[in-house]
Amino acid sequence: MSLPPFLRDMDASIYESDNYVVLDWETDTSHGDHGSAIHPANGILLGSWKLGKGHSSYLGYTTSQFGSEFDFDELLRHIEEADFLIAHNAKYELMWLKRCGLDLHKTLVYDTKIAEYVLFGNLAAGDKNMAGASTSLDMCCRRRYWDIKDPVVDTMIKHGINPISIPRPWIQGRCEQDVRDTERLYLDQLARLQSSDRLGLVFTRCLLTSALSSMEFSGMFLDADRVQAEYLDYKAQYLELTKKMDALTGGINWRSSLQRAEFMYDVLKFKELTYRGGKPQRTESGKRKTDKNTLEKLKASTPEQKEYVSLKAKLGAVGDALSKNLEFFVGTVDEHKGLFHAEFNQTVTATHRLSSSGIRTQFEAFDKPKRVQFQNLPRVFKRLFTSRNEGWQICETDGSQLEFRVAAHLGRDDQARMDILDPDFDAHLTSAAAMEDKDYTELLQRYRNGDKWVKTLRQKAKSETFKPLYGGEYGTKKQMRWYKAFAERYDSLTAAQKGWVQEVLATRRLITEWGLRFYWPYAKVSNTGYVNVKRAVANYPVQSLATAEIIPIAVFYFWHRVMDEGLQDKIILVNSIHDSLICEVHPDAIEDYRRISKQAFTTDVYEYLEAVYGVKFDFVPLGVGVTVGSHWSEGEEENYDIFYDGKTLHNGVLAA
DNA sequence: TCAAGATGCGCG
DNA sequence: AAAGCGCGCATCTTGA
């Protein structure tokens with residue numbers, strides 16, 4: 001066994017081969033979720049596919065076949081003989097192919113939706129200034145002035161009509177046109193990607209697609225006993241807190257920001273927070289703010305004010321936990337045996353990191369359907385997750401200080417590198433020392449001696465530590481003292497970010513060292529020197545290299561290595577959250593898990609970045625933290641820093 | 001009455 | 001007028 005050739009070669013030019021298959025499915029959507037393969041009850045209706053000229057079975061026309069997942073052996077053979085598979089939104093096609101029996105580890109896709117997303121850089125996401133550019137197949141074709149779809153069938157599908165109830169010749173015509181459009185789109189994109197040196201980016205994104213397709217089938221598993229206990233506890237708290245809140249407010253709807261504002265500012269007479277000029281800090285539309293952050297900053301003096309602040313903080317957290325998580329969890333445990341799924345979206349974010357969406361689920365116990373995505377689960381609820389297999393462990397690997405290290409690399413910042421390598425460096429104590437105007441060494445000493453005051457200072461400083469990394473420069477005097485100190489301390493990084501801003505002002509775009517292009521068509525500098533996109537420009541390259549390149553590379557290497565070593569029945573990937581990977585692991589495979597984590601998240605990344613992007617990531621080491629426990633987030637973290645040359649530190653100590 | 005917008009809050 | 005970035009979901013408000 002060995003890694004598949006396309007991964008071993010680390011060469012995106014495989015996409016220049018004409019030995020490919022273009023595929024589109026039409027599925028029975030009667031069970032919802034747009035006919036997702038996750039639902040056992042959903043089924044395939046029709047598959048249409050076309051082979052590239054270099055394929056050994058090239059026929060020159062499109063094959064269409066009505067049938068179920070057991071009827072596509074010929075297609076599977078064609079895909080196995082091809083260098084890659086082309087599809088628009090390929091994760092969908094792949095998940096059905098998995099049900100047909102295809103080995104996803106051996107399959108490389110080229111996703112035309114992802115390629116369009118790469119060509120658009122950040123512009124597919126959209127922001128306050130600009131609507132996002134659609135990457136739907138239809139819009140990709142319209143932009144190129146190609147023939148549009150049959151309007152009748154298109155309207156039917158857009159209105160959610162199940163393809164099984166559309167006349168077969170119509171739906172077949174639609175499917176075949178999609179295949180032709182997809183192939184034509186691929187060829188058009190290929191030229192654009194080659195000429196702008198961005199084919200490698202599509203390669204990276206699409207290598208992840210296979211791993212995600214596999215991971216989405218897994219879902220995450222809840223510990224029924226813990227969920228029940230937590231739910232009852234929160235429900236009881238909710239009742240008690242609601243009673244107290246009603247008594248205090250006379251029964252306002254505390255979930256309404258308008259009613260909260262009236263009560264806070266008109267009844268309790270809180271003074272609104274103001275900016276330095278005296279103007280009140282308001283919401284975007286000019287309404288009075290009632291959020292948690294504001295509440296923490298308001299000066300509560302009367303007993304009623306104090307009670308409201310404390311009650312609202314608790315009730316808000318408890319209420320949110322119930323409506324956004326625990327009700328879903330208890331429904332999942334009671335009605336779905338504890339297992340639930342979510343999707344990973346590859347073409348949503350401006351920085352090309354993943355996003356996640358929940359899957360609409362109707363529970364008998366609750367009126368409204370609910371959904372829970374995988375990337376914002378409250379940390380306190382991670383302990384509710386366990387393995388679906390008795391005796392297995394939950395293992396998590398995350399990239400140590402990932403964005404800071406990536407920033408150090410991008411800025412080739414010597415001070416940042418020294419700090420990363422220095423065991424006596426503590427980022428939050430550094431920001432605390434600057435804000436309090438204290439000596440860092442003294443604070444460190446006191447912190448290590450368990451000084452409570454220093455511990456509090458450090459805790460409070462946490463939210464400020466990396467704000468200046470992303471362009472934050474305003475705030476209180478103390479905050480601004482730190483922001484200024486940060487810019488001076490990490491002067492190379494700051495200079496690099498200034499350079500990015502200059503490039504954007506001159507060209508309206510930023511070309512990163514790995515080739516991804518960001519565009520800010522509306523970038524401008526005011527007469528006071530204020531640059532409207534400065535903070536986004538400072539942030540995007542860091543966030544993107546860290547969580548859209550390095551971690552995805554690590555995840556697909558991890559996934560392939562697990563298969564490569566025959567461990568696929570003992571290590572199951574279940575989730576990935578920006579800088580981390582979460583797996584369910586058989587107790588016999590824990591050491592394998594650690595070893596593969598270390599390799600995939602460091603050495604494999606170095607090699608891939610160099611081979612595919614020509615980026616030599618040798619300025620600072622990458623590191624991983626590995627946590628193993630019976631439940632998610634439980635267990636001691638082990639840390640490994642692995643340098644470009646292979647030198648390894650285990651919990652800060654040189655390892656063999 | 002219903003969809004879109006606003007607000008708030010969870011995560012990295 | 002001031003502003004760290006990136007998301008998705010629940011709830012309330014707004015406006016046609």
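Here is the naming used below: chain letters follow the sequence lines, and residue numbers restart at 1 for every chain.
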When you measure from the side chain of [X], which nucleotide among [options] comes out closest?
X: A/Lys324; options: B/dC9, C/dC7, B/dC11; result: B/dC9
X: A/Glu284; options: B/dT7, C/dG8, C/dA10; result: B/dT7
X: A/Asn345; options: C/dG8, B/dG8, C/dT11; result: C/dG8
X: A/Lys279; options: B/dC9, C/dA1, B/dT7; result: C/dA1
X: A/His578; options: C/dG6, B/dT7, B/dC9; result: C/dG6
X: A/Lys382; options: C/dG4, C/dG8, B/dC11; result: B/dC11
X: A/Tyr470; options: C/dA10, C/dG4, B/dG10; result: C/dG4

For this session: Could you tell me whether A/Lys370 sits above the aromatic face of A/Phe328, with NZ or CZ closer than 6.0 angstrom to the six-membered ring centre and within 45 degrees of the axis?
Result: no

Integer-rounded Å distance: [N] [atom2] and [X] [atom1]:
X: A/Lys314; N: B/dC9; atom1: NZ; atom2: P; result: 16 Å
X: A/Asp291; N: C/dT11; atom1: CG; atom2: C1'; result: 15 Å
X: A/Leu322; N: B/dC9; atom1: CG; atom2: C1'; result: 15 Å
X: A/Glu262; N: B/dT7; atom1: CD; atom2: C1'; result: 16 Å
X: A/Lys289; N: C/dA3; atom1: NZ; atom2: C1'; result: 11 Å
X: A/Gln281; N: B/dT7; atom1: CD; atom2: P; result: 15 Å
X: A/Asp127; N: C/dG6; atom1: CG; atom2: C1'; result: 12 Å
X: A/Leu469; N: C/dG6; atom1: CG; atom2: P; result: 14 Å

Would you say [X] reaches [N]'s phosphate, i.e. side-chain N/O to OP1/OP2 under 4.0 Å?
X: A/Lys534; N: C/dA3; answer: no
X: A/Thr290; N: B/dG8; answer: yes
X: A/Arg535; N: C/dC5; answer: yes
X: A/Ser323; N: C/dA10; answer: no
X: A/Tyr540; N: C/dG6; answer: yes
X: A/Ser355; N: C/dG8; answer: yes
X: A/Thr351; N: C/dC5; answer: no

For this session: Output yes when a side-chain donor or acceptor of A/Asn575 lies under 3.5 Å from a complementary backbone atom of A/Phe374, and no otherwise.
Result: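 The answer is yes, because a donor-acceptor pair under 3.5 Å joins these two groups.
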
For this session: For the pair A/Phe404 and A/Phe466, name the ring-plane relationship: parallel under 30°, tilted 30 to 60°, perpendicular over 60°.
Result: tilted

Exercise. Do the ring planes of A/Phe518 and A/Tyr540 sit parallel (below 30°), tilted (30 to 60°) or perpendicular (above 60°)?
Worked result: perpendicular

Exercise. Below 4.5 Å, heavy atoms only, C-beta onward: do A/Phe340 and A/Leu222 meet side chain to side chain?
Worked result: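 They are in side-chain contact.
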
Exercise. Is A/Tyr530 stacked on the base of C/dA3, meaning ring centres closer than 5.5 Å and planes within 30 degrees of each other?
Worked result: yes

Problem set entry | Strand partner of B/dA6, provided both Watson-Crick or wobble distances fall under 3.5 Å | C/dT11

For this session: State whether A/Arg226 and A/Glu634 are salt-bridged, where the test is any N-O pair (Lys NZ or Arg NE/NH1/NH2 against Asp/Glu carboxylate O) under 4.0 Å.
Result: yes

For this session: Could you check A/Asp641 against A/Arg405 for salt bridge (charged side-chain N to carboxylate O under 4.0 Å, His left out), going step by step and ending with a plain yes or no?
Result: CA-CA 11 Å; A/Asp641 282 341; A/Arg405 294 189 187 198; 3.0 Å; yes

Quick one: which protein N/O atoms are closer than 3.5 Å to N/O atoms of nucleotides 13-16 of chain C? Pair and distance per line, please.
unit_1	atom_1	unit_2	atom_2	d
C/dT13	OP1	A/Ser256	OG	2.6

Problem set entry | Which residue lies more 5' along DNA chain C, comparing A/Val372 with A/Tyr275 via nearest heavy atoms | A/Tyr275

For this session: Take A/Asp111 and A/Lys91 through the test salt bridge (charged side-chain N to carboxylate O under 4.0 Å, His left out) and record every step on the way to the result.
Result: CA-CA 8 Å; A/Asp111 183 340; A/Lys91 181 150 60 62; over 6 Å; no

For this session: Report yes if a donor N or O on one partner sits less than 3.5 Å from an acceptor N or O on the other, where the partners are the side chain of A/Lys292 and the base of B/dC9; otherwise report no.
Result: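 Absent.
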
For this session: Classify the side chain of A/Gln375 versus the base of C/dC7 as yes if they form a donor-acceptor pair under 3.5 Å and no if they do not.
Result: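 There is none.
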
Problem set entry | Test side chain to side chain donor-acceptor pair (under 3.5 Å) applied to A/Glu473 and A/Gln479, A/Lys484, A/Lys534, A/Arg535, the passing residue |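 For A/Glu473, the side chain to side chain donor-acceptor pair (under 3.5 Å) test succeeds with only one of A/Gln479, A/Lys484, A/Lys534, A/Arg535, which is A/Lys534.
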
